[in-house]
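Letters A, B, ... mirror the listed sequences (proteins, then strands); counts begin at 1.
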2 protein chains.
Amino acid sequence: MSTTDETRAARPAGRPRSARAEQAIIDATLDLLGEGMNIAELSIEAIAARAGVGKTTIYRRWANKEDLCVDALARLKSPLPELRGESVREDLVAYFEVVVRDSCDARRRCVMSIVMNDAERHPRLVERVRQALIEPRREVLAAVLRRGVATGELRADLDLPVVMAALIGTVTWYMRDAGSDGTAESPAGIAERIVDQLLAGLAPTA
Amino acid sequence: MSTTDETRAARPAGRPRSARAEQAIIDATLDLLGEGMNIAELSIEAIAARAGVGKTTIYRRWANKEDLCVDALARLKSPLPELRGESVREDLVAYFEVVVRDSCDARRRCVMSIVMNDAERHPRLVERVRQALIEPRREVLAAVLRRGVATGELRADLDLPVVMAALIGTVTWYMRDAGSDGTAESPAGIAERIVDQLLAGLAPTA
DNA sequence: CGTTTTCGATACGATTAAGTTTCGCAACGT
DNA sequence: ACGTTGCGAAACTTAATCGTATCGAAAACG
């Protein structure tokens, strides 16, 4: 039919928007956030400079800084960990190996910091990140625990809220300490060590 | 000798600085930080307004915002938890009951948020808080664990770094979740629940 | 070609806050 | 009384950054 048919949607007249510019803007945003900026400090001018783009090009696409951040953070979604379901221990280790690996990526690490700190200042953004990134993973983890209780691999009287906090909090806290030290390399077996320690408990087996 | 002798140090001439103003400034700073401001957002003007004080009075005492925050945060030191040393379980519960109670105080909660987020931007401040507030408590906790291993109340093969992260991370994470919910009241026995759950482990006693 | 829209650059006005200075008054010692 | 210093209020300078507007060039279309 027509000479160019890449998109069916009737292309609006004029020069099309550059996909490269859009990606560069998103990348620059995530890079700057990953370097430790919070949303308040993140400046559109800095994003434009880093992306090699005019501010106009940003404001043509997003109404304001928050909208841009919402879009940028939503693209961080990494695939949910694939669990084999053979045993609870194996699933937990696999799950937290993904968490440990993700927590070595500055871009992903900054998400948690934003969620934990900017909840009041940017409720829309935080809520969207929570729905898109956090809740699905929480649900996967909770399902593993429930299944473990059902199969008898875990104690029947598990205090679910406490155990969720124990697993996530331990890994998160450990990785934070490890990150602040020079120990940038994530020790290979850390997920395994944490899961085994928590499964076994601190008290000696009587 | 002299008519007024409150301080031996030869009092410099002129009107003495108002201790009330100083305290009001510190209080205003901690209040504003406790309301969720980070250091960048904290404005000297807001502090002066809240404290009912002129900006001059602030700059006469502290060279800049960071120095003021260093002083203000250093005053948050609450006494180290007093441990009876009868049993490891009892000490851990007592220790974390203090942590839980402190984590309900906005002023104290903001310290952790600053330490975790502004480490790169304000290394002096964070380092001082770490030395003054965090390390002593870490050491108390580590001592309890080491003693427990020695007395046989804890497993001999404890993975100390992991266990430290497990205890602190679990309590911190649980309180954060609890805080974001409406559950502002800290459930009375939460420290006990967490300690017992971690001592017993997740696996059923074989 | 001519039209339309985007491109990056740059200038602009508005706002916010840091940190300094000035001012008139208050509090202290001598 | 007098000199010195602190006090709060206000004006000021400097600097960032937001979001908008304007510009000439470029990229698509017919």
Annotated protein contacts, base or backbone, on nucleotides 13-18 of chain D with a non-hydrogen cut-off under 4.0 Å, one of B, S, - each: ----SB
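- In this structure, B/Ile47 places its CD1 atom 11 Å from P of C/dG19, rounding to the nearest Å.
- Between A/Leu125 and A/Ile114, the closest side-chain pair of non-hydrogen atoms falls below 4.5 Å.
- Among B/Glu22, B/Glu66, B/Arg128, the single residue meeting the side-chain contact (heavy atoms from CB on, under 4.5 Å) criterion with B/Asp71 is B/Arg128.
- Look at CZ on A/Arg61: it is 17 Å from C1' on D/dG19, rounded to the nearest Å.
- With rounding to whole Å, A/Arg60 atom CZ is found 14 Å from D/dG19 atom C1'.
- Remark: B/Arg50 engages B/Glu35 in a salt bridge (charged side-chain N to carboxylate O under 4.0 Å, His left out) (not counting sequence neighbours).
- Inter-residue side-chain proximity for A/Leu167 and A/Tyr95 is flagged as unmet; no heavy-atom pair is nearer than 4.5 Å.
- Near-neighbour residues of DNA chain D inside residues 14-39 of chain B, defined by a heavy atom below 4.0 Å, number-ordered: B/Gly14, B/Arg15, B/Pro16, B/Arg17, B/Ser18.
- The backbone N or O of B/Ala40 lies less than 3.5 Å from a partner atom in the side chain of B/Lys65, making a donor-acceptor pair.
- The nearest whole Å value for the distance from the CG atom in B/Asp67 to the P atom in C/dA18 is 14 Å.
- A sub-4.0 Å separation between OP1 or OP2 of D/dC7 and a side-chain N or O of B/Thr56 is absent.
- Of the residues B/Ile134, B/Val99, B/Leu141, the one that meets the side-chain contact (heavy atoms from CB on, under 4.5 Å) test with B/Ile168 is B/Leu141.
- For the pair A/Leu30/A/Leu73, a side-chain contact is recorded, criterion being any heavy-atom separation below 4.5 Å from C-beta on.
- Toward the 5' end of DNA chain C, the nearer of the two residues B/Ala63 and A/Val53, judged by each one's closest nucleotide, is A/Val53.
- No side-chain donor-acceptor contact under 3.5 Å links B/Glu192 to the backbone of B/Gly189.
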